[in-house]
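See below for the structure under consideration.
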Amino acid sequence: MDKIEHIGIAVKDLEASNALFEKLLGVPHYKTEEVASEGVRTSFFKSGPNKIELLEATKPDSPIAKYLDKKGEGIHHIAFSVEDIVTEIERLKAEGFVVLNETPKKGADNKLVAFLHPKGTNGVLVELCQEIKES
Ligand SMILES: CC[C@H](C(=O)O)C(=O)SCCNC(=O)CCNC(=O)[C@H](O)C(C)(C)COP(=O)(O)OP(=O)(O)OC[C@H]1O[C@@H](n2cnc3c(N)ncnc32)[C@H](O)[C@@H]1OP(=O)(O)O
Ligand SMILES: [Co+2]
């Protein structure tokens, strides 16, 4: 696990939250991207070396929709960048963590991603992110 790649924040209204975080951070979001497979629409902000990901549900059975229904808006996950996500998944499995998708899946912002169940990480949903390198 290298640095924190992004903090994911579940929001009800992406446009309203974009405006709010633009005021908060003093910078506009640098992209919005839908990840249909996750049932989310995301927008990304860079604040110094840090990255914020806002997530809005695009369908009622989206993990974000379920989270919002249960807990409301707030920090949803912490993503860490990893050099080799397949190796990291195997290492974490061997350490006893529950990997929710053992095959990495395409995430937003040009990443391969995987998630660990929060029950095994002190209640924090952890995401692994590997940059997809242009071949
Ligand atoms: C990939 C695009 C983008 C990117 O960065 O590239 C993203 O980050 S997409 C983010 C959205 N996708 C995901 O979150 C995928 C992984 N999440 C899941 O598979 C589920 O959300 C899961 C398994 C974490 C929970 O789903 P479940 O159907 O089990 O929902 P429950 O409400 O029954 O939750 C069970 C249990 O876990 C607690 N929980 C749920 N979500 C979170 C969370 N984000 N952080 C901490 N804890 C969470 C929930 O409260 C339940 O605990 P309990 O004690 O029973 O209340
Ligand atoms: Co994320």
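We count ligands from 1, going down the list as the structure has it; atoms in each ligand are counted the same way.
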Within 2.8 Å of the Co ion (ligand 2), is there any N, O or S atom belonging to [X]?
{"X": "His77", "result": "yes"}
{"X": "His76", "result": "no"}
{"X": "Glu5", "result": "no"}

- Message: Please determine whether residues Ile7 and Leu128 belong to a single hydrophobic cluster, defined as Ile, Leu, Val, Met, Phe, Trp and Tyr linked transitively by side-chain heavy-atom distances below 4.5 Å.
- Response: yes
- Query: Phe80, Ile75: one ILVMFWY side-chain cluster at the under-4.5 Å cut-off?
  - Reply: yes
- Task: Flag the pair Phe44 / His29 as yes when their ring centroid distance falls below 6.0 Å, and as no otherwise.
- Result: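 No: the rings miss the under 6.0 Å criterion.
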Output yes when [X] and [Y] qualify as a salt bridge under the 4.0 Å nitrogen-oxygen rule, no when they do not.
{"X": "Lys12", "Y": "Glu56", "result": "no"}
{"X": "Lys111", "Y": "Glu127", "result": "no"}
{"X": "Asp61", "Y": "Lys66", "result": "no"}

- Query: Name of the Glu127 N, O or S atom nearest the Co ion (ligand 2)?
  - Reply: OE1
- Query: Name of the Glu53 N, O or S atom nearest the Co ion (ligand 2)?
  - Reply: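 Checking each N, O and S atom of Glu53, the shortest distance to the Co ion (ligand 2) belongs to OE1.
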Give me the pairs of N or O atoms, one from ligand 1 and one from the protein, that sit under 3.5 Å apart.
{"residue": "ligand 1", "atom": "5 (O)", "partner": "His6", "partner atom": "NE2", "Å": "3.1"}
{"residue": "ligand 1", "atom": "5 (O)", "partner": "Glu53", "partner atom": "OE1", "Å": "3.3"}
{"residue": "ligand 1", "atom": "5 (O)", "partner": "Glu53", "partner atom": "OE2", "Å": "2.7"}
{"residue": "ligand 1", "atom": "5 (O)", "partner": "Glu127", "partner atom": "OE1", "Å": "3.1"}
{"residue": "ligand 1", "atom": "5 (O)", "partner": "Glu127", "partner atom": "OE2", "Å": "2.8"}
{"residue": "ligand 1", "atom": "6 (O)", "partner": "Ala108", "partner atom": "N", "Å": "2.8"}
{"residue": "ligand 1", "atom": "6 (O)", "partner": "Glu127", "partner atom": "OE2", "Å": "3.4"}
{"residue": "ligand 1", "atom": "8 (O)", "partner": "Glu53", "partner atom": "OE1", "Å": "3.2"}
{"residue": "ligand 1", "atom": "8 (O)", "partner": "His77", "partner atom": "NE2", "Å": "3.0"}
{"residue": "ligand 1", "atom": "8 (O)", "partner": "Glu127", "partner atom": "OE1", "Å": "3.1"}
{"residue": "ligand 1", "atom": "12 (N)", "partner": "Glu38", "partner atom": "OE1", "Å": "2.7"}
{"residue": "ligand 1", "atom": "28 (O)", "partner": "Lys66", "partner atom": "NZ", "Å": "2.9"}
{"residue": "ligand 1", "atom": "32 (O)", "partner": "Lys70", "partner atom": "NZ", "Å": "3.3"}
{"residue": "ligand 1", "atom": "44 (N)", "partner": "His76", "partner atom": "O", "Å": "2.9"}
{"residue": "ligand 1", "atom": "44 (N)", "partner": "His76", "partner atom": "NE2", "Å": "3.4"}
{"residue": "ligand 1", "atom": "52 (O)", "partner": "Lys119", "partner atom": "NZ", "Å": "3.3"}
{"residue": "ligand 1", "atom": "54 (O)", "partner": "Lys119", "partner atom": "NZ", "Å": "2.7"}
{"residue": "ligand 1", "atom": "56 (O)", "partner": "Lys70", "partner atom": "NZ", "Å": "3.4"}

- Hey, are the side chains of Thr42 and Leu54 touching, using non-hydrogen atoms and a 4.5 Å cut-off? no
- Query: Can you tell if the side chain of Phe45 reaches within under 4.5 Å of the side chain of Asn50, non-hydrogen atoms only?
  - Reply: no
